[in-house]
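Numbered from 1 within each chain, the chains take letters A, B, ... in sequence-line order.
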Amino acid sequence: MKGNEALAEAAIRAGCRFFFGYPITPQTELAAYMAKRMPKEGGVYLQAESEIAAINMVYGASAAGKRAMTSSSSPGISLKGEGISYMAGADLPGVIINVQRGGPGLGGIQPSQSDYFQATRATGHGDFHLIVLAPSTVQEMTDYVFRAFDLADEYRTPVMILADGMLGQMMEPVVLPEPKTEFPAKPWAVTGHKGQRTHNIVNSLHLKPERLEETNVERYQRYDRIKATEQLAEEYRVEDAEIVVVAFGASSRIVRSAVNKAREKGIKAGLIRPITLWPFPADAISAATDRAKAILTVEMNMGQMVDDVRLVVCGRVPVEFFGRAGGIIPTPAETLAVIERIAASLEGGAR
Amino acid sequence: MAASLNMLLAGFGGQGILFAGKLIAYAGLIEGRELSWLPSYGPEMRGGTANCSVCLSDEPIGSPLVLEPDVLVAMNQPSLDKFIDSVVPGGKVIIDSTMCQRLPERDDVDIFPVPATQLAEDNGLKGLASVILIGKLLREIGFCDPRTLDEAIVKSVPPKKAHLLPKNRKAFEIGMLNEDGESVPVCSLPEDWSVE
């Protein structure tokens, strides 16, 4: 199954019955799949007139208590930024897929990881975060979408799946989850009070600064809970690693190959793959730093996640960066060369 | 059979490159192996060159992008010229010799020219040259059981195009059985295998 199709099928099985999108390469297969499948499931597939309209439709469906999703690729996500901020402000769950391509601007259509800052820092204006999950296989695309809907409902926050063109376009075997049949209650949803309860209000406008501050403080308490309980990272050959490579998504696969080759050459390399980009898996990286002599961050951009890594490492060991941008996927060979160079410099230092 | 096999298939858009790659991928899926299929997408798909990376392995697959193929299937001269130097020493190169006049000069790889486009035309199988080449590939390196590949064909031909199923099987058979003098088959057809 193609990655983009897996994202769509998993969403349907997670109970998503409202999909709003606008076509853009390289995520178009997702919308095409939804167009075919959704009506058969009694759901709504709607190609909106723009990305902005699509995200606001997600806002509406979510406010009514329904599981809703939109998807796009980098330039389209920028357009959705305003709506995502409104969702965060109104504490609405929802899933947003970003199948990244190279930027800035229209950029290109080849795979990239250049929206890390946007996803983890400022998807829109205002003080807020999204939960951001970064799959690295088609199976994980499936599993994380499923998980994303649950996280969104649990914490009443939009959740983003940060994928890229490579993962969206590739096919791998996938085991699909059983369709979800039980969903959490949403007593806050605006579904009509029928004279039986007080009004529910879904809104992100609070003109009194004290009230607005309260909502921010409450939201950040929730973020603290998320940071404490939802950090996820995969560790690969890290136990005795002297050089710990940090990479997420597509680039983590390249690093995994490079780590294996480095081990064959006697270099103690390992990989930490952040699964949640926000909350950033600081605990895992910090623990690995205690044993490591150097950290390398590999990304398909000019250096974004490396900032988060440096904050965690906090000067304890050197942190290096290697990346390719513009839609180019780094090769295992060039990544291995960087690992070897670091290994050589470590040896030099010991002498 | 090698523990892992990285293949690159390349040609013009419309020659069936992606479909041929899917056949290999499905065969891997049916036999329960790890696999990945990664197409080029975008401008190439709209009339230019198309290529696709297919990895089969017994281990989880790292990079799905094949840069140093064990197997290159080239369906036109530009693709052959572009990728021939990247093939690993000892690799296999299957070439549609109807479309490629200049064969590569490397002597550290095994080269198998097959006039696939011509064979397809002669047998009323226009557009199925890529499946002939997959037949040839299977014959040379035996990446799966031939019956598995037949199953993959059945799985990959959509129901709406069911009338093309016999033609696909025929193309596969031509590729499997084609003699060109130089090749030594490493996998032979099971006795009970036949094409309907």
Side-chain angles (χ1 to χ4, degrees), chain A residues 1-5 24-29 73 99 101-102 107-111 136-140 164-175 234 236 245 247 249-262 271 273 298 300 324 327-336, chain B residues 3-4 6-9 17-46 48 50-70 83 85-86 88 144 148 152 155-156 158-160:
Chain A
M1 203 168 201
K2 250 189 171 185
N4 283 333
E5 295 167 344
I24 183 170
T25 305
Q27 66 78 53
T28 303
E29 293 86 357
S73 178
V99 183
R101 55 190 253 184
I109 57 171
Q110 298 302 321
S136 71
T137 64
V138 176
Q139 183 66 54
E140 286 168 6
D164 64 70
M166 185 183 101
L167 295 168
Q169 293 295 322
M170 71 187 287
M171 279 202 297
E172 284 183 319
V174 60
V175 180
E234 184 199 355
Y236 179 70
V245 190
S251 52
S252 72
R253 299 179 65 127
I254 284 69
V255 170
R256 194 183 301 258
S257 299
V259 161
N260 285 337
K261 289 200 177 117
L271 162 70
R273 178 175 74 87
V298 177
M300 278 146 58
R324 296 296 304 263
I328 293 176
I329 302 170
T331 67
E334 62 190 3
T335 309
L336 175 64
Chain B
S4 72
N6 297 322
M7 309 191 219
L8 185 64
L9 297 84
I17 286 292
L18 300 187
F19 180 79
K22 261 185 211 178
L23 292 183
I24 301 171
Y26 270 125
L29 182 72
I30 293 165
E31 294 194 351
R33 306 185 72 190
E34 299 284 344
L35 68 99
S36 67
W37 174 94
L38 177 69
S40 58
Y41 62 91
E44 302 98 324
M45 296 281 288
R46 292 155 190 147
N51 67 69
C52 101
S53 298
V54 182
C55 304
L56 289 182
S57 181
D58 297 330
E59 308 275 318
I61 289 156
S63 174
L65 183 66
V66 174
L67 299 165
E68 294 171 343
D70 303 308
F83 295 117
D85 290 337
S86 65
V88 299
C144 71
T148 307
K155 214 172 149 77
S156 303
K160 276 184 194 163

Worksheet item: Does CD in A/Glu334 sit with more than 12 non-hydrogen atoms of other residues, nucleotides or ligands closer than 6.0 Å?
Response: yes
Item to complete: Report the option among A/Met171, A/Arg256, A/Glu172 that has the most heavy-atom pairs separated by less than 4.5 Å from atoms of chain B.
Response: A/Met171
Worksheet, complete the sentence: d(B/Leu65 CG, A/Ile328 CD1) to nearest 0.5 Å is 11.0 Å
Worksheet entry | Note, B/Ile61 side chain near A/Arg253 side chain (heavy atom, < 4.5 Å) | yes
Worksheet item: Which region of A/Pro332, side chain (C-beta onward) or backbone (N, CA, C, O), has a non-hydrogen atom less than 4.5 Å from a non-hydrogen atom of chain B, or is it both or neither?
Response: side chain
Practice prompt. Return yes when atom NZ of A/Lys2 has more than 12 non-hydrogen atoms of other residues, nucleotides or ligands closer than 6.0 Å, and no otherwise.
Written response: yes
Item to complete: State, yes or no, whether a side-chain contact exists between B/Ser63 and A/Thr331 at a heavy-atom distance under 4.5 Å.
Response: no
Worksheet, complete the sentence: Note: A/Met170 and B/Ser36 closest approach over all heavy atoms is CE-CB, 3.6 Å
Worksheet, complete the sentence: Whatever's closer than 4.5 Å to a heavy atom in chain B on A/Pro111 counts as both
Worksheet item: Heavy-atom distance under 4.5 Å to chain A: side chain of B/Leu29, backbone, both or neither?
Response: side chain
Worksheet item: Going from CD1 on A/Ile329 to CG on B/Leu38, what distance comes out if it is rounded to the nearest 0.5 angstrom?
Response: 6.5 Å
